[in-house]
*Asks:* 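One structure follows; several queries about it will come next.
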Amino acid sequence: MTEPFGARLRRAMDDRGPLCVGIDPHASLLAEWGLNDDVAGLERFSRTVVEAMADRVAVLKPQSAFFERFGSRGVAVLEKAVEEARAAGALVVMDAKRGDIGSTMAAYAESFLHKDAPLFSDALTVSPYLGYGSLKPAIELARENGAGLFVLALTSNPEGGEVQHAVRTEDPAGRNVGATMLAHLAEENAAEEPLGSFGAVVGATLGDLSSYDLAINGPLLAPGIGAQGATAADLPRVFGAAVRNVVPNVSRGVLRHGPDVGALRTAAERFAEEIRTAVAPV
C-alpha cells in the first residue's frame, strides 16, 4: 500500500527543509531568462528548474495554467516535468485549483490523482466553493493512491475575502467559510500520524490568524514568501503553533535567479535555511 502523502511530506520537509518552489513559466519570466514564449522556451525553463531543484527541495509546485496555454505540447512538457521531478525525489503538488461536482470532479481527480495517469502528482490544489462535499471524489481517489489535496481556505488575494470571510448564518458557531473549510480538513486528518494528507492553502501575507483554528493535523501551503512581501520571519506570527506544518511556497524569489542552475540552487538553499531557522522550536 502506498505510503500516505502526509507521511511522505513530513519526512521530506524534515530531511530537505520546509520549502516548496513553484514552477511558474509565465511569459515575463521566460523573457527574463532570455527564452522565447513558446514550447521550446517552456521546455528549457521547466527542465532547468527540475534539474536545479528536484534532488534537494521538498516540494515542487508546477502551475498547470502556464503549461496548458501551449496546448497539448505544453501539457506534454508538464507531464515530463512531473515525471522527472518525482523520480529525483521531490514531491509534486499540481497547482490546478480544480473544482466541480459529480462525474466532472471525478474526472479531474482521475487526471491528477490516479496512479496510472500521465499527470499523477503527489497532491493537487482544489477549490471547495461548490461546497466542500463536492470534493468527495478527489478525497476518495487521493486516499486510494496515497496522494493529498490542498484546499483553498484563506487565500492572500484581496478578492478572496468576499467568499472566504462570509459568515455562514446556518453555522451555530458563527464560523466564516474559510474557518469551515479548516474544520472539514481537521476531520479528514483526525488520528493520522505523523501528518494528515489533506491540507489548506493559507496565505503567508494575511497577518494575524489567531482567530482561526489552524491545527488541522495537516499541511498548510503558504504562498506569499518573497516577491509578495512575506518573509520567513513572519511565519511564526502568522501561523502560531501550527507553524511546523507550514509548507512555504516561493516562486519568483527563487526563479528570478535563473537560468543559472547554481544560482537557482543557492537561492533555494537560502530560503530553506531561513525558513528552517524561523520555524525551529525555541
Side-chain angles (χ1 to χ4, degrees), residues 9 13 17-24 26 57-66 91 93-99 123-129 132 135 148-167 175-186 189 195-196 198-256 268 271-272 274-276 278-279:
L9 178 62
M13 291 199 296
L19 178 65
C20 168
V21 175
I23 307 180
D24 298 349
H26 47 74
V57 302
V59 181
L60 287 175
K61 182 175 70 65
Q63 169 47 258
S64 66
F66 292 122
L91 300 180
V93 173
M94 182 61 69
D95 194 357
K97 298 183 179 70
R98 297 301 197 249
L124 172 70
T125 60
V126 291
S127 172
Y129 295 113
Y132 184 83
L135 301 179
L149 298 178
F150 284 99
V151 177
L152 301 179
L154 297 168
T155 60
S156 55
N157 62 304
E159 304 88 349
E162 69 183 48
V163 174
Q164 296 157 22
H165 298 167
V167 175
R175 295 175 298 191
N176 65 22
V177 172
T180 299
M181 297 306 152
L182 294 170
H184 282 305
L185 291 167
N189 294 321
L195 187 67
F198 298 95
V201 179
V202 179
T205 57
L206 293 178
D208 183 7
L209 293 176
S210 59
S211 61
Y212 290 91
D213 185 0
L214 299 177
I216 65 170
N217 190 34
L220 301 169
L221 183 63
I225 301 292
Q228 294 183 46
T231 69
D234 294 325
L235 295 173
R237 174 177 57 85
V238 176
F239 293 96
V243 72
R244 186 170 178 267
N245 294 336
V246 170
V247 187
N249 174 228
V250 181
S251 294
R252 179 174 290 275
V254 171
L255 299 178
R256 66 182 178 86
F271 274 108
E274 289 177 358
I275 293 165
R276 193 195 297 269
V279 305

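Note: hydrogens, waters and symmetry copies are ignored here, and every other heavy atom, side chains too, is used.
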*Asks:* Quick one, Ile225 with Leu235, criterion side chain to side chain contact (heavy atoms under 4.5 Å, CB included). Give me CA distance, side-chain angles, the key distance, then yes/no.
*Replies:* CA-CA 9 Å; Ile225 301 292; Leu235 295 173; 3.9 Å; yes
*Asks:* What distance separates Gln164 CD from Thr155 OG1, expressed to the nearest 0.5 Å?
*Replies:* 3.5 Å
*Asks:* Nearest 0.5 Å, please: how far is CG in Asn189 from CG in Leu195?
*Replies:*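 Interatomic distance, Leu195 CG to Asn189 CG, rounded to 0.5 Å: 7.0 Å.
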*Asks:* Specify the closest pair of heavy atoms between Ala232 and Ala278, including all atoms of both residues, with the distance to one decimal.
*Replies:* O-CB, 3.3 Å
*Asks:* Closer than 3.5 angstrom, by distance alone: can the side chain of Asn245 be matched with the main-chain N or O of Leu220 as a donor-acceptor pair?
*Replies:*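 It does not hold such a pair.
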*Asks:* Taking all atoms of both residues into account, what is the closest heavy-atom pair of Ala200 and Ala153, and its distance?
*Replies:*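 For Ala200 and Ala153, the tightest heavy-atom pair comes out as CB-CB, 4.0 Å.
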*Asks:* I'd like to know if the side chain of Tyr132 reaches the main chain of Thr180, judged simply by a donor and an acceptor atom lying under 3.5 Å from each other, with no hydrogens or angles considered.
*Replies:* no
*Asks:* Is any side-chain heavy atom of Leu9 closer than 4.5 Å to a side-chain heavy atom of Val247?
*Replies:* yes
*Asks:* I'd like to know if the side chain of Asp95 and the backbone of Lys61 have a donor-acceptor N/O pair within less than 3.5 Å.
*Replies:* no
*Asks:* Do the side chains of Asp213 and Leu182 get nearer than 4.5 Å, heavy atoms only?
*Replies:* no
*Asks:* What distance separates Leu124 CG from Arg98 CZ, expressed to the nearest 0.5 Å?
*Replies:*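 Leu124 CG to Arg98 CZ: 7.5 Å, rounded to 0.5 Å.
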*Asks:* Between Gly178 and Leu154, which heavy-atom pair has the shortest distance, and what is it?
*Replies:* CA-CD2, 4.0 Å
*Asks:* Could you report the tightest heavy-atom contact between Thr205 and Ser156, atom names first, then the distance?
*Replies:*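 Closest approach of Thr205 to Ser156: OG1-CB, 3.0 Å.
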*Asks:* Decide side chain to side chain contact (heavy atoms under 4.5 Å, CB included) for Val93 and Cys20; before the verdict, give the C-alpha distance in whole Å, the side-chain angles of both, and the deciding distance to 0.1 Å.
*Replies:* CA-CA 9 Å; Val93 173; Cys20 168; 5.5 Å; no
*Asks:* At their closest point, which heavy atom of Leu60 faces which heavy atom of Pro62, and how far apart are they?
*Replies:* O-CD, 3.5 Å
*Asks:* What distance separates Tyr129 OH from Leu135 CG, expressed to the nearest 0.5 Å?
*Replies:* 10.0 Å
*Asks:* What's the spacing between Ser64 OG and Asp24 CG if we round to 0.5 Å?
*Replies:*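 It comes to 10.5 Å.
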*Asks:* If you look at every heavy atom in Pro223 and Val201, which pair is closest and at what distance?
*Replies:* CD-CG1, 4.0 Å
*Asks:* Please evaluate residues Thr125 and Lys97 with respect to the criterion side chain to side chain contact (heavy atoms under 4.5 Å, CB included), reporting the C-alpha separation (whole Å), side-chain torsions for both, the decisive distance (0.1 Å), and the verdict.
*Replies:* CA-CA 5 Å; Thr125 60; Lys97 298 183 179 70; 3.5 Å; yes
*Asks:* Relative to the ring of Tyr212, is the ring of His165 parallel (under 30°), tilted (30 to 60°) or perpendicular (over 60°)?
*Replies:*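 Judged by the thresholds at 30° and 60°, the geometry between His165 and Tyr212 is tilted.
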*Asks:* Any side-chain heavy atom of Val202 within less than 4.5 Å of one from Phe239?
*Replies:* yes
